[in-house]
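Worksheet: the structure to be examined is printed underneath.
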2 protein chains.
Amino acid sequence: MSLASDQARPGAAEKPTLYKRIRLDIETRILTGEWPPGHRIPFEHQLMARYRCSRMTVNKALSELARADLIERRRRAGSFVRRPQHLSAVLKISDIRAEITALGRSYGYQLIDCRRRTATAADRARLGMSTAGKVIAIACRHSADNVPFAVEDRLIDLSTVPEAATADFAREPPGSWLLHHVPWTEAEHTISAVVADDRTAKALDIAVGAPCLVIDRYTWRSARTVTAVRLHYPGETHRLVARFKGG
Amino acid sequence: MSLASDQARPGAAEKPTLYKRIRLDIETRILTGEWPPGHRIPFEHQLMARYRCSRMTVNKALSELARADLIERRRRAGSFVRRPQHLSAVLKISDIRAEITALGRSYGYQLIDCRRRTATAADRARLGMSTAGKVIAIACRHSADNVPFAVEDRLIDLSTVPEAATADFAREPPGSWLLHHVPWTEAEHTISAVVADDRTAKALDIAVGAPCLVIDRYTWRSARTVTAVRLHYPGETHRLVARFKGG
DNA sequence: CACGATTATATGTCTAGACATATAAGTCAA
DNA sequence: TTGACTTATATGTCTAGACATATAATCGTG
């Protein structure tokens, strides 16, 4: 949840509602260090008096701050500024097509290979399938302004996503198709670095031995694996950026 | 904000409060796909009737779902399930010492170089300093079970953090010191991949040309840069893992 | 002094109302 | 048909109460 981002336009200067003002006041005091970690925030009834409002209004402001982990609330004891959180960033790993077009570059897509098959032992291991079943294996490439941007190596579990059998992955990238057709409940990313092997180097048009950023993503839908994908990015030109706020 | 994580222990089976039950009910329907993106959620007064409670209770549940971007609320129109978000992960990039000890490995730290100097042009560019000033430049290494884990190359702006002048970075890693002494309000991470140069290879005890994961982190405190740090991890052994839930 | 029982209190949740406000939908005139 | 005006309605915020509950602080006892 991103706090302090309710105001759409800074110039508007419209009066925020009272509970938002209370929340922002407290948030500001915490972020500037005026109220350091451990500091006890005024009790609800004190804030009621200060802002001349009912307890529910104060409570709403404090509840949201607590939900954002900026403060900790303890019955009978009061509300306290939390210690600075573990650095944690909201790393936005968007759909690649969206990412490229958002950069104002032209998106290109080439399907390298797409085959439907009964899951091999390796496929089953990768997808965590307990039983036999069909999968789709896809290799494809994304490019921005006709420059290779990433190569993708994906497996889709058809027993979880039978609709994928009818999708045309020559036209639409599998990531985009899945994003729009399959609700997902959980995912895991693993980011690592490797040097390009022969096949990857050729697909990305870089030298063998050049660094690559690798993202492995597994996506589940209520305990069933939807898809496993590995993306190679040319490491010297691509960057993952995570911007965030913290306490 | 992570939803659906209020229950501490599944075995406890204590009755959740009503608004949490409402929130969970709706969240479940969305995540299972029973209510697909675009679906209109029952109006507040309908939910009032279904759960036999007041509007404020329903409103609290829906407000939290809206704040978590699972639903979108529009006056007069109702509340709607939002399209699956762009994948976005909470990437926890902890303090390295905490990270290593959390893995149950022994943490080691070696200060390679630490010097205080008037900011050079390069320093000023890296920290975004507009005026002259003093900085601390630190090079150090973190290890886990006596195996090199990461090398760190850091710059601290002393005009933003004068207290850092008195810290003993031979004893305490600068990341840990800063985390505990300086409140920060914003940061930016950039993740990329490179191949190890001579100096990095030596420090990490890997081969020149081996892949490295690089994390650049800039930390600000209300528009003033606190510190800029670059971390090199051996790319084939280190992994950044981001696990998350989505809609 | 140590430890258990009691009490006071701040938060957690909830109610049954209220008015404000944005806007979808309907109405009517050009 | 189109545009401007009106209206109905769902959400947004707020109030002044209520009881529940966890727990810090106090008190009493051995």
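Worth knowing before you read on, the calculation uses all heavy atoms, side chains too, and leaves out hydrogens, waters and symmetry mates. This structure is a prediction, so every number in the text was calculated from the model and none was measured.
- In this structure A:T225 satisfies the side-chain contact (heavy atoms from CB on, under 4.5 Å) test together with A:L127, A:W220, sequence neighbours excluded.
- With sequence neighbours excluded, the residues satisfying side-chain contact (heavy atoms from CB on, under 4.5 Å) with A:A66 are A:I71, A:R73.
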- Item | Base versus backbone protein contacts along nucleotides 9-17 of chain D [heavy-atom cut-off under 4.0 Å; B, S, -] | BBBBBBBB-
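- A:W177 meets the ring-ring contact (aromatic ring centres under 6.0 Å, His included) test with A:F169, A:H181; sequence neighbours excluded.
- Under the rule for a side-chain contact (heavy atoms from CB on, under 4.5 Å), the partners of A:P36 that lie at least two apart in sequence or sit in another chain are A:H39.
- In this structure B:Y107 satisfies the ring-ring contact (aromatic ring centres under 6.0 Å, His included) test together with B:H142, sequence neighbours excluded.
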